Amino acid sequence: MSFDHNKIEAKWRKKWRESGLYKVDLKGAKKPFYNLMMFPYPSAEGLHVGNMYAFTGADFYGRFQAMRGQEVFEPIGLDGFGIHSENYAIKIGAHPSQQAKVSQKRFYDQLSRIGNRFSWEQRLETYDPEYYKWTQWLFIKMFEKGLAVRKKSMVNWCPSCKTVLADEQVEGGVCERCKTPTVRKETYQWFFKITDYADRLLGNIDKIDWPQKIKTAQRNWIGRKEGINITYEIKGSKKTVTCFTTTPVNFGATFIVIAPEHVLVKESKNKKIQEYVTKALKKTEQQRQMEGKEKTGVFTGLYAVNHVTKKEIPIWVADFVLKDVGTGAVQGCPGHDLRDFEFAKKFGLPITRVVVGPDGDRNEITRKEQVIQSGTSGKMVNSDFLNGMEFSKAMQKTMDYFEERGWGERVISFHLRDWLISRQRYWGPPIPMIFCDKCEWQPVPEKDLPVELPFVKDYQPLGEGKAPLEKAPKEWLEVKCPNCGGKARRETDVSDTFLDSSWYFLRYPSIKSNKDSLPGTGKTVLREKLPWDQEVTRRWLPVNAYIGGAEHAVLHLLYSRFVWMCLRDWGYLPKSLGDEPFPFLYSHGLLIKDGAKMSKSRGNVVIPDEYMEKFGTDALRMYLMFIGPYDQGGDFQDTGMMGMRKFLDRVWRLVIAIQDTPGVKNSATPGVSEVGRFRHQTVKRVTQAMENLRYNVGIAALMEYVNFLEFHLRLLTPGVKNSSTPGVVVEAVETLVLLLAPMAPFISEEMWQMLRKSEARSTKFESVHQQAWPTFDEEKARADKVEVVVQVNGKLRARLSLGRDEAQDKEQVFKAAKSEAAVKRYLENKKPVKEIFVKGKLVNLVVR
RNA sequence: GCCGUGGUGGCGGAACCGGUAGACGCUCGAGACUUAAAAUCUCGUGGGAGUAUAUCCCGUGUGGGUUCGAGUCCCACCCUCGGCACCA
């Protein structure tokens, strides 16, 4: 006997929608719980099972919270404005604005079937002008506060995407999206000065409840380092060169290396140097890294003077020194840095030892194995005032020494760089800036927002740093200067996709809260000057639970934190909301297929639709969460899913059975019994599992419970002695349905209504999802009889079944233990040495 | 290289504070029901010795250690996955 999941799902989907079950009172909620999941970027095949995995886990949590009395707001939307969606449109030869409509429909159709308690009233799409109007507003605020700046800088350029990229979007020298090696390019671009917030972004990490993994990734990315900038005078010149360092190895510094982009190099007229620099700059980042093992470089002909050794040291140019790290110049200490060592070896530069490592080697350094690098313990040598000091402790003294003499100053260096916002692409929000020859860059006045993206038929990226919007109609491009009214021109770059998603969670609760329709026009007007309603925001933010993938560890999650801090500092968000948008973040693992990551190229992408059709959405949801711990992901297999469907069938039969069994119905004599105890135990286990998002163990607990109830119900037939009353069984099955409700929302609703109907309690629709989560009593969950384990010398020899109180009594337990035949055997001719007793659990007899 | 995960049967995975390793599920095997199949139900399923549901030995990546007792704690190492990376 089975159930017709398609029929049941359709029925309840309709009923829930009609009754407004998942509507939330955004303005009046007393116990608001903002349950947020990272929104997807829609593409080709629509929703794949990986998306569903993420959403299902988040929904288990949301539904659980709802049954615990929280008013849960679980919104959904689409992040479809950006390179990803544009590239897909190019691939299939469509226009992104058209493709967006197609993808949107497909995605929302699928999303409405996965059983999540979405608040459909508040959905948003980042390409909706109503939304990106405010993305542009955010840009303008950044500009007004001096955090959006246009500056000439060496940036990453993707030759395939034909746009510049933020550092976070380049992974190992290749473009995050298309995997093309990126090159360095010096151009004018818009940046957000996220570095101004580096200290806070780093410091707050200690205060948030996030996975260790993500916190570490952010810490590393921000990369705070304390060190000193040492300024060297250049011999025979008024110029200087400043090197950043974090290690106390100045006595071993025998040369200086500057990056190819360094100012000193630009000024050089030397042909050989210029040749080298030109070649170095043309390399892709990947080439530069790959060739890194083989050092290259050119001597500049210049010398600096080492402050402490007083020796003249040569200045070289080499591409292993990066312009953006520290000052773009380093003091080379070949004895204690592997890169410097390789460089010195290749070009015959002197090597001095200033640290003796744990191996005690004091000889001249000639092999790379002898190079003692920072992080290793060691003692300073050949270093005058530092001699004998521990390597790791000598830096403070070195910095004091240099600062006292005016040779350098302490600095804090960050790995984090400013967020490059502009993209030379089409599908994104136009950057709302206007350039006037007289007044320079002026923001578009707020009343003129949004700057709508004009239709450009031939929207493909142009390359050469030119944006497709250069081809926009003249009426769009040429505007009056907002300041002087003179001739001016719009910015043609659009903003980064990650700007769209950096604030979307602020918008959700306020959709439909702060706008009214203009009668007859269908257009909306905003009542407020902000993208959100302050009252609603105060009620719903920060986000209570944010659930998503770990791939956004240093992208979206860092940008969002930054934007939140800015908005709060400027007073657009109430101070009382705290310094962080996501105090609790949970990152789920990756769902794989046949041991490999799902990807189009492998052809192993699983589309959930057919599984929902065949086994039911409930079975798929539960199977996904049963595969393994939610934070670790798992391998998707068809056989396991069949097992889950069978489990639901068994639950179904159980509900049918208690209605058919005589004497079970309408009896309500609750009492302590084996069934009652098991019920309390199960509620406890499932509750704890749900609280900690340990869904796989929660489901396992339910399975055990069902096994037990089936067994028990079989005993509950006339003439067979049993330990419980029928009423207890009814209660036990009702509890089962309640515990199952967040996991399998459709079938649980169907079963709940069956149980209610049979009891004729109410004619009004009361969803199972509105019921209170069952509670448990620690005392009632405890068993009467406990098993006490008997060990001899730590090895298990016997098990005793004792009464609860009896097992607490040391004397009684030992008496029982020693009379066990299996134990006696080991005590003969042996001398007892020690007796260990763990109350109610275990004894250990130590003999010799 | 650095940082962070994780390593448990044929497989996915359980195991609270150091106290019964392998819950739950899949797979597989045997049986019941059936004309038959499917479905369902029952039993078994870490390895080894053993006629045995007797009993014993070995078992949580490897090698040491702490402890009456270690999957769990400590030290060293190996491997997987993820992040960062010529970061000065």
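None of these values were measured; they are calculated from a predicted model. Chain letters run A, B, ... following the sequence lines, proteins first and then strands; every chain starts at 1.
Put simply, the side chain of A/H588 never gets that close to the backbone of A/G633: no donor and acceptor are under 3.5 Å apart. Listed for the A/D337 side chain is no donor-acceptor partner under 3.5 Å among the backbone atoms of A/C333.
The aromatic rings of A/Y611 and A/F615 lie parallel to each other, their planes meeting at an angle below 30°, with 60° marking the opposite boundary.
In terms of polar N and O atoms assigned as donor or acceptor, the side chain of A/N844 comes within less than 3.5 Å of the base of B/rC68 in a complementary pairing. Judged by distance alone, with hydrogens and angles left aside, A/Q791 brings a side-chain donor or acceptor within reach of the base of B/rG19, the pair sitting under 3.5 Å.
Atom C1' of B/rA14 sits at a distance of 7 Å from the matching atom of B/rC24, rounded to the whole Å. Spacing between B/rA30 and B/rA23 at atom P, rounded to whole Å, works out to 22 Å. B/rG61 and B/rG6: their C1' atoms are spaced 11 Å apart (whole Å). When the P atom is used for both B/rA21 and B/rC26, the distance is 25 Å, rounded to whole Å. Here the separation of B/rC73 from B/rC16, taken at their P atoms, is 11 Å to the nearest Å. Distance noted for atom C1' between B/rG19 and B/rC11: 29 Å (whole Å). Rounded to whole Å, the separation between the P atoms of B/rU60 and B/rG64 comes to 13 Å. The C1' atoms of B/rG71 and B/rG82 are separated by 24 Å, rounded to the nearest whole Å.
An anti orientation is assigned to B/rC84, its glycosidic angle lying beyond 90° of 0.
For the residue pair A/H415 / A/R224, no side-chain donor-acceptor distance below 3.5 Å is found, with atom types taken as modelled. Counted by atom type alone, A/R410 and A/N229 present zero donor-acceptor pairs between their side chains at under 3.5 Å.
Look at B/rU40: its Watson-Crick or wobble partner, with both distances under 3.5 angstrom, is B/rA32. The partner of B/rA49, taking Watson-Crick or G-U wobble pairs whose two distances both stay under 3.5 Å, is B/rU55. Partner assigned to B/rC77 is B/rG61, using Watson-Crick or G-U wobble distances below 3.5 angstrom. As the counterpart of B/rA85, no nucleotide is assigned, since no Watson-Crick or G-U wobble pattern has both distances under 3.5 Å. In this entry B/rA21 has no Watson-Crick or G-U wobble partner, no candidate having both defining distances under 3.5 Å.
In this structure, the CG atom of A/D638 is 12 Å from the P atom of B/rU27, given to the nearest Å. Protein atom OH of A/Y53 is 12 Å distant from nucleotide atom C1' of B/rG12, rounded to whole Å. As rounded to whole Å, 17 Å separates atom P of B/rG12 from atom CZ of A/R694. When the P atom of B/rC68 is taken as reference, atom NZ of A/K795 falls 17 Å away, rounded to whole Å. To the nearest angstrom, C1' of B/rU40 lies 12 Å from CE of A/M642. The interatomic distance linking A/H262 (NE2) with B/rA88 (P) rounds to 17 Å, in whole Å. We find that CG of A/L590 is positioned 17 Å from C1' of B/rG4, with the value rounded to whole Å. Remark: P of B/rG69 and CZ of A/F837 are 19 Å apart, rounded to the nearest angstrom.
Note: A/Y559 and A/W419 meet the aromatic proximity criterion, with ring centroids under 6.0 Å apart.
Toward the 5′ end of RNA chain B lies the nearest nucleotide of A/V697, the other residue of the pair A/V697 and A/V789 mapping further downstream. Toward the 5′ end of RNA chain B lies the nearest nucleotide of A/V838, the other residue of the pair A/K646 and A/V838 mapping further downstream.
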Subject >> Step-by-step side chain to side chain contact (heavy atoms under 4.5 Å, CB included) determination, A/D324 to A/L322 >> reply: CA-CA 6 Å; A/D324 291 319; A/L322 304 177; 5.7 Å; no

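Note on A/E787: a base of the nucleic acid sits closer than 4.0 angstrom, heavy atoms only. The residue A/V846 sits close only to the backbone: its heavy atoms come under 4.0 Å of sugar-phosphate atoms, none of a base.
Side-chain proximity of A/Q637 to the nucleotides B/rC11, B/rG13, B/rU5 is greatest for B/rC11.
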